[in-house]
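Residues take their numbers from the sequence shown, with the count starting at 1.
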Amino acid sequence: MISHPLPDDAIDLDETTGNLFGLGSPLLIRALLIFAIIYVAVMIGAGWEIRSVATWVALAAGFALFVAAASLLMRYGRSTLPLRTALAVTVLTVAGVTTSFWSLSLDTYVTLQTTPVTSAMTIILAMVVLYRRPSFAWIGALCSTGLAAIGGEMIGIGYVVGAGNTMFCYPVLVLATLFGLMAIPMPDRLRSLREQAFAQAAEEAATAASASERRRQLERLDAGARPILEQIAAGHEFLPEEALDVRLTEAQLRDTIRAPGWDAPEVGESVWAVRRRGVSVRLLDDGGLGDHASDALDEHSPGSLARRILVEELTAIEPAMADQGSVTARILPSGRDMVASIVVDVGLRMRRVEIHRDGSVAVDVTPVDDVDTTGTAAGPVAPT
């Protein structure tokens with residue numbers, strides 16, 4: 001028989017799909033216990049005329065070997081039996097058949113004495129097939145038939161009768177093998193279907209998030225730009241203060257698109273106030289914060305810390321010295337220890353704040369006399 005090729009280290013699925021046949025389940029264990037009781041009852045009934053203690057000891061040893069093989073199978077609940085376990089189960093099964101058949105005596109021999117043995121062999125080898133090791137099952141069956149033939153000659157019933165006692169095992173193995181070959185690829189198909197479902201769900205979630213973000217941006221654009229566009233369409237003449245508000249609105253809308261990582265109500269209010277006093281504020285985002293939405297929910301995240309420090313730095317700019325200068329806040333690319341940097345160049349000094357992914361903050365201040373001082377802190381830094 002040609003078995004389905006399997007890697008030695010086949011990967012199992014999780015508990016929900018790893019074992020398609022319920023191998024090792026309590027129901028199957030109870031069924032095997034019932035079969036064991038029937039095995040013993042039939043063997044005692046068929047061997048009622050046996051008076052040899054050695055024969056009964058050998059039959060009991062064969063039964064024990066079958067129990068050991070079944071126990072190994074029931075202890076393993078995944079879909080692919082390891083090679084060593086499959087080999088051990090096959091050897092124990094062949095040994096059980098050989099021990100049982102070779103111990104029979106011609107004087108008390110009846111065909112029914114071999115039926116429980118062949119049935120146990122068939123059940124165990126069929127389970128080996130379902131455990132994705134059909135080659136071991138067929139080798140074990142062929143070895144059992146050969147040894148049964150030898151045993152038949154030894155006890156005097158002949159090769160043909162000895163081998164024929166195991167023949168009804170093969171139709172069952174054929175059916176089990178055909179079923180196994182059809183079902184063996186099923187875990188891989190289930191894994192593929194599950195991965196496709198996850199990918200489709202992720203794609204749908206990304207599409208929904210993108211649509212939600214576009215809708216949010218359009219709503220913000222509508223709220224901020226529509227009144228201005230309506231005034232322009234109506235021929236309204238803007239006063240200097242109104243023109244300044246228009247420019248600030250445009251800059252704020254650009255910030256939400258260009259730097260979504262800085263997008264927060266408190267940041268927008270602080271940036272608006274500082275820009276209105278004449279300070280240039282540039283917000284840059286190179287994507288180091290990843291998911292801005294989930295980051296905004298965590299007050300202790302690096303993104304929340306960076307936004308909080310930016311608000312503090314902007315609030316600390318004194319109105320008297322804020323008629324010129326610039327503030328540049330940048331979220332760095334992902335994969336770096338430093339999450340964001342804020343450079344404040346207003347008045348007679350330059351201040352640089354670096355926010356790291358572990359929550360630490362480094363501050364570099366250049367005072368009027370150009371003497372650099374550096375410091376570190378574990379949290380937000382109060383501006384000096």
Where [X] and [Y] come nearest, the two heavy atoms and their spacing:
{"X": "Met43", "Y": "Gln113", "value": "CE-O, 3.2 Å"}
{"X": "Glu153", "Y": "Gly158", "value": "OE1-CA, 3.7 Å"}
{"X": "Leu112", "Y": "Pro116", "value": "O-CD, 3.1 Å"}
{"X": "Thr118", "Y": "Phe101", "value": "OG1-CZ, 3.6 Å"}
{"X": "Leu72", "Y": "Ala88", "value": "CD1-CB, 4.0 Å"}
{"X": "Pro302", "Y": "Val339", "value": "CB-CG2, 3.8 Å"}

Spatial distance of atom [atom1] ([X]) from atom [atom2] ([Y]) [nearest 0.5 Å]:
{"X": "Ser100", "Y": "Leu65", "atom1": "OG", "atom2": "CG", "answer": "7.5 Å"}
{"X": "His356", "Y": "Arg336", "atom1": "NE2", "atom2": "CZ", "answer": "12.5 Å"}
{"X": "Met350", "Y": "Asp345", "atom1": "CE", "atom2": "CG", "answer": "4.0 Å"}
{"X": "Met167", "Y": "Thr145", "atom1": "CE", "atom2": "OG1", "answer": "4.0 Å"}
{"X": "Leu332", "Y": "Asp286", "atom1": "CG", "atom2": "CG", "answer": "6.5 Å"}
{"X": "Leu178", "Y": "Leu173", "atom1": "CG", "atom2": "CG", "answer": "10.5 Å"}

Could you give me the CA-CA distance, side-chain angles and deciding distance for Leu83 and Phe136, then say whether side-chain contact (heavy atoms from CB on, under 4.5 Å) is met?
-> CA-CA 9 Å; Leu83 289 175; Phe136 284 86; 3.8 Å; yes
Look only at the side chain of [X] and the backbone of [Y], and say whether a donor-acceptor pair between them is shorter than 3.5 Å.
{"X": "Ser270", "Y": "Val267", "value": "no"}
{"X": "Thr328", "Y": "Arg282", "value": "no"}
{"X": "Asn165", "Y": "Val161", "value": "yes"}
{"X": "Arg133", "Y": "Leu130", "value": "no"}
{"X": "Trp102", "Y": "Gly152", "value": "no"}

Name the one of Val327, Val344, Val274, Val343 that satisfies side-chain contact (heavy atoms from CB on, under 4.5 Å) with Glu313?
-> Val344
Apply the side-chain contact (heavy atoms from CB on, under 4.5 Å) test between Ser144 and each candidate in Val117, Val97, Thr90; give the one that qualifies.
-> Val97
Starting from [Y], can I reach [X] by hopping between I/L/V/M/F/W/Y residues whose side chains sit under 4.5 Å apart?
{"X": "Val40", "Y": "Ile123", "answer": "yes"}
{"X": "Met121", "Y": "Val42", "answer": "no"}
{"X": "Ile44", "Y": "Leu104", "answer": "yes"}
{"X": "Val67", "Y": "Leu73", "answer": "yes"}
{"X": "Ile155", "Y": "Val57", "answer": "no"}

With side-chain contact (heavy atoms from CB on, under 4.5 Å) as the test, would you mind laying out the steps for Met74 and Leu32 before giving the verdict?
-> CA-CA 10 Å; Met74 292 301 99; Leu32 289 176; 3.8 Å; yes
In terms of side-chain geometry, is the basic nitrogen of Asp255 or Arg275 positioned less than 4.0 Å from the acidic oxygen of its partner?
-> yes
Give a yes or no on whether a salt bridge exists between Arg307 and Glu266, defined as a side-chain N under 4.0 angstrom from a carboxylate O.
-> no
Does any donor atom in the side chain of Glu204 or Gln200 lie under 3.5 Å from an acceptor atom in the other side chain?
->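 Distance-only check passes for Glu204 and Gln200.
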Sequence-distant partners of Ala306, side-chain contact (heavy atoms from CB on, under 4.5 Å), two or more places apart |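 Here the qualifying residues are Trp262, Ala340, Ile355.
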Kindly write out the residues that satisfy ring-ring contact (aromatic ring centres under 6.0 Å, His included) with Phe35, not counting sequence neighbours, or none if the list is empty.
->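 In terms of ring-ring contact (aromatic ring centres under 6.0 Å, His included), with neighbours along the sequence ignored, Phe35 is linked to no residue.
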Arg276 atom CZ, over 12 foreign heavy atoms within 6.0 Å | yes
Indicate the ring-plane relationship of Tyr170 and Trp138, choosing parallel, tilted or perpendicular according to the 30° and 60° boundaries.
->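 The arrangement is tilted - the two ring planes meet at 30° to 60°.
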Applying side-chain contact (heavy atoms from CB on, under 4.5 Å), run through Leu283 and Asp285 and close with a yes or a no.
-> CA-CA 7 Å; Leu283 302 181; Asp285 184 1; over 6 Å; no
